[in-house]
J.: 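The structure's right below; bear with me while I get my questions together.
Hydrogens, waters and symmetry mates are skipped; everything else that's a heavy atom, side chains included, is used. Chain A is the first sequence line, chain B the second, and so forth, proteins listed ahead of strands; every chain is numbered from 1.
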Number of protein chains: 2
Amino acid sequence: MIRLLLVDDHEIITDGIASLLEEDTEIQIIGQCASGPEALQKIPYLKPDVVITDIEMGDDIDGIELTSIVQKEHPDISIIILSMYDDSIKIQKSIEAGAMGYILKNTGKQELIKAIQNVFEGKTYFSNEVNNSLVKGMVQQNKNNTNNPFDRLTKRELELTKLIAQEYTNPEIAEKMYISEFTVKTHRRNIIKKLDVKSTVGLVKLALKHHILNE
Amino acid sequence: MIRLLLVDDHEIITDGIASLLEEDTEIQIIGQCASGPEALQKIPYLKPDVVITDIEMGDDIDGIELTSIVQKEHPDISIIILSMYDDSIKIQKSIEAGAMGYILKNTGKQELIKAIQNVFEGKTYFSNEVNNSLVKGMVQQNKNNTNNPFDRLTKRELELTKLIAQEYTNPEIAEKMYISEFTVKTHRRNIIKKLDVKSTVGLVKLALKHHILNE
DNA sequence: TTTTTGATACCTATAAGTAGGTAGCTGGTA
DNA sequence: TACCAGCTACCTACTTATAGGTATCAAAAA
């Protein structure tokens with residue numbers, strides 16, 4: 001018997017799902033919440049096995065944040081995102097938040113039940129449609145990254161940037177690159193100017209964003 | 001007519017594919033290379049539309065690096081990774097490098113042709129099997145991230161970390177948080193000690209890894 | 001009530017980073 | 001041959017960050 005909690009600010013959705021699943025002998029709807037805060041309040045005593053939540057909700061806590069909090073406080077609860085959107089960024093953020101499944105609101109009853117059963121068993125459930133959107137979005141994100149600012153750097157500048165991003169100090173970098181610390185400082189200045197960042201922090205952020213280290 | 005270049009250090013693979021596609025009237029094999037460097041040498045004069053490459057090759061340049069270089073120097077060429085491995089990390093790195101497709105070596109002829117046609121048309125092609133591995137891997141990676149070092153920080157420390165990662169200086173942070181610069185410095189020291197990083201660079205790297213900014 | 005933790009604030013001292021400037025040498029290109 | 005970019009190196013000057021230490025107060029927990 002799977003204890004299922006539904007979270008969506010549209011009652012018609014939670015009612016619809018409840019109605020859809022009412023004949024299922026293995027799934028028991030133990031509650032319906034209209035918001036993230038309400039869900040967080042009720043989870044400790046309702047003790048669901050699986051939570052299905054929408055992303056967009058009217059209050060401060062959206063479904064992704066809810067997922068993150070529930071994951072942290074109740075790691076045994078499996079969470080499925082139920083969304084209208086197959087937006088790749090949202091899918092990625094849901095996974096990062098700890099969701100075990102992501103299905104769309106046009107999903108049929110059979111797939112819904114499959115998703116619930118899968119995550120209850122500790123597996124993941126992402127529909128083919130969601131998978132395709134995710135991958136297409138990742139490829140597109142990468143294309144939007146095509147204009148790589150690090151292409152503006154010379155070979156030595158790029159080498160030096162990698163060492164900065166690996167937490168070496170100027171004296172350490174000087175030693176590794178067989179140059180003087182004066183030269184390191186000059187390169188740093190040129191790099192920061194070329195990349196139009198405020199400081200080393202901005203540089204490191206950009207470097208990680210563009211995967212200049214193979215990590 | 002799609003001009004196709006094959007890159008794999010196992011001749012039996014490139015021969016096999018060539019043989020498989022020889023009856024296809026829309027695809028022309030214009031070359032077979034046994035290594036990344038060989039491919040990079042030949043691409044400028046062979047001018048393929050599509051490159052199919054393995055990942056693991058004996059020399060310094062693997063298929064992912066090859067993809068990255070080809071993408072940069074010849075952005076009109078579409079690249080498909082052909083691999084034995086459905087390893088999520090490799091799939092992600094392939095996408096980051098610029099691959100438009102990823103198929104496994106157990107792929108049938110029809111799917112191979114579909115992949116080639118798709119990427120030639122500027123679309124992506126990732127098999128369902130690859131998609132599922134990618135998503136499962138991403139979820140698993142996220143689970144491995146569960147032990148979030150930032151859980152060790154207090155509320156104020158976390159708030160201050162976010163401001164550091166947003167490139168604010170100590171005086172700026174002091175002003176934003178209504179505290180003295182001395183206190184900022186003390187917090188910084190405590191944070192760096194708690195997280196066991198070398199410096200601000202390490203802190204920013206960890207912060208980005210754990211998505212503490214909503215970017 | 002006592003202890004602990006978190007937040008705040010300050011001291012001294014030093015290292016590291018930032019920012020402006022200058023200049024010479026080498027190799028590649030026009 | 002002349003020019004340019006990249007690399008290297010140094011100067012002055014200042015800001016910022018790091019690192020060690022100390023201490024008080026308030027709130028929460030034991």
Side-chain angles (χ1 to χ4, degrees), chain A residues 44 72-73 147-210 212-213, chain B residues 40-41 44 69 72-73 148-210 212-213:
Chain A
K72 188 173 300 178
E73 299 182 352
N147 193 20
N148 188 341
F150 288 95
D151 291 342
R152 281 179 237 153
L153 299 193
T154 66
K155 227 171 148 180
R156 288 292 263 182
E157 286 168 346
L158 186 59
E159 186 183 347
L160 196 140
T161 300
K162 285 178 183 176
L163 293 173
I164 291 172
Q166 290 170 290
E167 287 177 78
Y168 292 107
T169 59
N170 288 352
E172 285 166 345
I173 291 166
E175 192 179 332
K176 281 184 156 314
M177 289 179 77
Y178 305 101
I179 51 177
S180 82
E181 204 180 317
F182 291 113
T183 303
V184 174
K185 287 177 183 182
T186 300
H187 280 316
R188 261 186 188 261
R189 203 164 74 208
N190 293 335
I191 289 164
I192 281 170
K193 187 164 192 173
K194 279 186 181 181
L195 296 181
D196 192 35
V197 291
K198 282 194 203 162
S199 65
T200 295
V201 170
L203 176 59
V204 170
K205 284 171 75 176
L206 207 51
L208 292 195
K209 181 178 175 184
H210 289 273
I212 74 157
L213 302 179
Chain B
L40 287 175
Q41 194 186 11
I69 296 169
K72 188 172 300 177
E73 299 182 353
N148 188 341
F150 289 95
D151 291 343
R152 282 179 235 153
L153 300 192
T154 66
K155 228 171 148 180
R156 287 294 261 182
E157 286 169 344
L158 185 59
E159 184 183 348
L160 196 139
T161 299
K162 286 178 183 177
L163 293 173
I164 291 172
Q166 289 170 289
E167 289 178 77
Y168 292 106
T169 59
N170 288 351
E172 286 167 346
I173 291 166
E175 192 179 332
K176 281 183 156 317
M177 290 178 76
Y178 304 102
I179 52 176
S180 83
E181 204 179 318
F182 292 112
T183 303
V184 174
K185 287 175 182 179
T186 300
H187 279 316
R188 261 187 187 262
R189 204 163 75 208
N190 293 335
I191 289 164
I192 281 171
K193 188 164 190 172
K194 280 187 182 181
L195 296 181
D196 193 33
V197 292
K198 282 193 201 163
S199 66
T200 296
V201 170
L203 176 59
V204 170
K205 285 172 74 178
L206 207 52
L208 292 195
K209 182 179 173 185
H210 289 271
I212 73 155
L213 302 179

J.: Are any of the side-chain nitrogens in Glu159(B) or Lys162(B) under 4.0 Å away from the carboxylate oxygens of its partner?
T.: no

J.: On a heavy-atom basis, which atom in Glu167(A) and which in Val197(B) lie closest, and how many Å separate them?
T.: OE1-C, 4.3 Å

J.: Taking 5' to 3' order, which nucleotide of DNA chain D is first and which is last to have an atom within less than 4.0 Å of a heavy atom in chain A?
T.: dG6(D) to dC11(D)

J.: State whether the number of non-hydrogen atoms from other residues, nucleotides or ligands found under 6.0 Å of Lys194(A) atom NZ is greater than 12.
T.: yes

J.: So does Glu172(A) have more than 12 non-hydrogen atoms from other groups sitting under 6.0 Å from CD?
T.: yes

J.: For nucleotides 5-7 of chain C, which of its nitrogen or oxygen atoms have a protein nitrogen or oxygen under 3.5 Å away, and what is each distance?
T.:
unit_1 : atom_1 : unit_2    : atom_2 : d
dA7(C) : OP2    : Thr154(B) : OG1    : 2.3

J.: Less than 6.0 angstrom from the centroid, inside 45 degrees of the normal: does Lys198(A) satisfy that with respect to the ring of Tyr168(B)?
T.: yes

J.: Quick check: closest heavy atoms across Ala165(A) and Val204(A), and the distance to 0.1 Å?
T.: CA-CG2, 4.4 Å

J.: So, for Thr154(A) and Glu157(A), which heavy atoms are closest and what is the spacing to 0.1 Å?
T.: N-OE1, 2.8 Å

J.: Under a 3.5 Å cutoff, is there a donor and acceptor pairing between the side chains of Thr183(B) and Ser180(B)?
T.: yes

J.: Find every protein N or O atom lying less than 3.5 Å from an N or O atom of nucleotides 12-17 of chain C, and list the pairs.
T.:
unit_1  : atom_1 : unit_2    : atom_2 : d
dG17(C) : OP1    : Arg188(A) : NH2    : 3.4
dG17(C) : OP2    : Asn170(A) : N      : 2.9
dG17(C) : OP2    : Asn170(A) : OD1    : 3.2
dG17(C) : OP2    : Asn170(A) : ND2    : 3.2

J.: Check whether any side-chain nitrogen or oxygen of Thr186(B) sits under 4.0 Å from OP1 or OP2 of dA9(C), and answer yes or no.
T.: no

J.: Using side chain to side chain contact (heavy atoms under 4.5 Å, CB included) as the criterion, point out the one residue from Leu163(B), Thr169(B), Ile173(B) that pairs with Val184(B).
T.: Ile173(B)

J.: Rounded to whole Å, how long is the line connecting atom CD of Glu175(B) with atom P of dT8(C)?
T.: 16 Å

J.: For the CD atom on Glu175(B), are there more than 12 heavy atoms of other groups (residues, nucleotides or ligands in this structure) within a distance under 6.0 Å?
T.: no

